[in-house]
There are 2 protein chains.
Amino acid sequence: MAQPITLRQVSPLKASCHQCSLSNLCLPLALNENELDRLEDIVQQGRIFNRGELVFEQSTPFRSCFAVRSGAIKTSIITESGEEQVTGFFMPGELVGLDSMSSDAYACSAKALERTSVCELPVDRLEELTHKIPELQHHFFHLMSQEIQNSHQLAMLLSKNTAEERIAALLLSLSSRFGRRRMSPTQFSLPMARNDIANFLGLAVETVSRVFTRFQNQGLIRARGREVELLDIEALQLVTRESSRQRC
Amino acid sequence: MAQPITLRQVSPLKASCHQCSLSNLCLPLALNENELDRLEDIVQQGRIFNRGELVFEQSTPFRSCFAVRSGAIKTSIITESGEEQVTGFFMPGELVGLDSMSSDAYACSAKALERTSVCELPVDRLEELTHKIPELQHHFFHLMSQEIQNSHQLAMLLSKNTAEERIAALLLSLSSRFGRRRMSPTQFSLPMARNDIANFLGLAVETVSRVFTRFQNQGLIRARGREVELLDIEALQLVTRESSRQRC
DNA sequence: GTACGCACTTGATATGAATCAAACAGGCGG
DNA sequence: CCGCCTGTTTGATTCATATCAAGTGCGTAC
């Protein structure tokens, strides 16, 4: 299934934020042509990482944020006790590394979950540019604030919700994030292992596995390994809101 | 116990970021005199809220961030199902509202836990100023990134740690935050109710209460109501790291 | 083709914390 | 001063999920 060559196609060496289909996700829409040019100047496009390769490593000097173009990245922290804690999954159009902007070293490690293409944004040049372009500064405040909210959301999920609710929420989140790209929101391949899901959601692997089969038996999903099909999105949404089964 | 009037005292109506003892906490040290003046121009100082009063309310138009001068603030979200979820506690020198910078409405509500004095920072003017002062922009990136890390830290605590570990971690966090101010890090009054602690840490009130008495019986703390004394900080630190009791 | 390792699934049991229930303390208004 | 309301503590029971223990399936190397 070879991709037909279109007129839009340009040399991969040439910076091309203009053409990037993700631009409205990872970049502000409000930039004008000139501003986009200046942004392109500092962005290093098209770096490729193979599955399992580190995009950056915790405690090494913080140099750049990375925008995911294709593939998927997981971020994780190694605690003092040596355990890994998965802090997030990043899909195309999403920006990795914002949590490190408060220090000189990366606050977490980022690993490619599959073959992954990224754009690198060196922070020193980025900060210069955000200073020059108010819209861009605003956009970064926006992105970081969003990340805080996401993390609060996650904390809520972890502190208040059952295993089923957490997993349903993750599946729906992935679904909508795949959907924002041209991909099917109901049928996709999980980029991460059950282990990563468990770690991220604060569950045991066995529990994740059990919930997957339970969902399957209830006809909510069809899952074979990492291949997942969401059969009944509304029912899944109901599961996540099931926290309201309280005192009604 | 009347506070003796000192020479440092100025009219409360006059902006005084220069004199504020918190300046190295909530503001960047790197600002020069002129820049501090410009910051003072936009800061509305000395607003007072009584216990229980809302500093701002979720879903109302986002206008300002607030720096806590004295007292304490809790932030919380009301979920669709109507439950409250406490997302954070803010002590003097800390900035509230950064999570709302991605939208036009406040992402959470902020309530004074005791009589609380704040400085108001209107965002529109703040964004203008950060645009003009690169140091200030850098500082805000720093603050927001810190907030993301805090939230990740909380998520980790909630997903991996036991009730005792969570509560020990909270006590130690409060201790160090009181310590940064001129206050005792070992003896203080909790600004929040057991209920808020429980909600914040994803526990039942009863569990919080039980852990407090357990800590007391073990000689780690002395607690009577909201009055708390940390008797053995090292032991408490050991509790939080107890997660490493894994396979040793 | 077979064997090894790894990711995943399934079952049995143990346990930490929630829930239910009730007593207790302190602050406030009458 | 008493009674009420709210916040806190304590005890008994239940339940969800971790843990322990096998087993299964699949991809890869030999």
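Per chain, numbering begins at 1; letters A, B, ... match sequence-line order.
- With Thr116(A) contributing its side chain and Gly71(A) its backbone, the two residues share no donor-acceptor pair below 3.5 Å.
- For the pair Leu190(B) CG and dT9(D) C1', the interatomic distance rounds to 16 Å; values are reported in whole Å.
- In this structure, Leu203(B) atom CG and dT9(D) atom P are separated by 14 Å, rounded to whole Å.
- Taking atom CD of Glu164(B) as the reference point, atom C1' of dA17(C) lies 12 Å away to the nearest angstrom.
- For the pair Met192(A) CE and dC8(C) C1', the interatomic distance rounds to 16 Å; values are reported in whole Å.
- For Arg47(A) and Glu53(A), the salt-bridge test fails: no basic side-chain N is under 4.0 Å from an acidic carboxylate O.
- For the pair Glu165(A) CD and dA18(C) P, the computed distance is 15 Å after rounding to whole Å.
- Closest approach to the Thr207(B) side chain among dT8(D), dA18(C), dC8(C) is made by dA18(C) (side chain taken as heavy atoms from C-beta onward).
- Using a 4.0 Å cut-off, no side-chain N or O of Arg210(B) falls inside it from OP1 or OP2 of dA17(C).
- Ala204(B) comes within 4.0 angstrom of a nucleotide base, judged by non-hydrogen atoms across all strands.
- Rounded to whole Å, atom C1' of dA18(C) lies 12 Å from atom NZ of Lys160(A).
- Among dG26(C), dC8(C), dT9(D), the nucleotide with an atom closest to any side-chain atom of Arg224(B) is dG26(C).
- Side-chain proximity of Thr162(A) to the nucleotides dT10(D), dA18(C), dT17(D) is greatest for dT17(D).
- Taking atom CZ of Arg194(B) as the reference point, atom C1' of dA18(C) lies 19 Å away to the nearest angstrom.
- Side-chain atoms of Glu206(A) lie closest to dT10(C) of the nucleotides dG26(C), dT10(D), dT10(C).
- Note: Phe56(A) and Tyr106(A) have parallel aromatic rings, judged against thresholds of 30 and 60 degrees for the angle between ring planes.
- A donor-acceptor contact shorter than 3.5 Å is absent between the side chain of Ser159(B) and the backbone of Gly202(A).
- The shortest distance between the side-chain N/O atoms of Thr213(A) and the OP1/OP2 oxygens of dT10(C) is below 4.0 Å.
- With rounding to the nearest 0.5 Å, the separation of CZ in Arg226(A) from CD1 in Ile197(A) is 8.5 Å.
- Regarding contacts with the backbone of dC8(C), a side-chain N or O of Arg226(A) is found under 4.0 angstrom from either OP1 or OP2.
- Remark: Phe90(B) CZ to Leu98(B) CG distance equals 7.5 Å, nearest 0.5 Å.
- Overall, the helix from dG1(C)-dC30(D) to dG30(C)-dC1(D) carries an axis bend of 30° between its ends, with five pairs at each end and the value rounded to 10°.
- Here the rule is side-chain contact (heavy atoms from CB on, under 4.5 Å) with His152(B), and of Leu154(A), Thr87(A), Thr75(A), Ile148(A) only Thr87(A) fits it.
- Atom CG of Leu201(A) and atom C1' of dA18(D) are 15 Å apart (whole Å).
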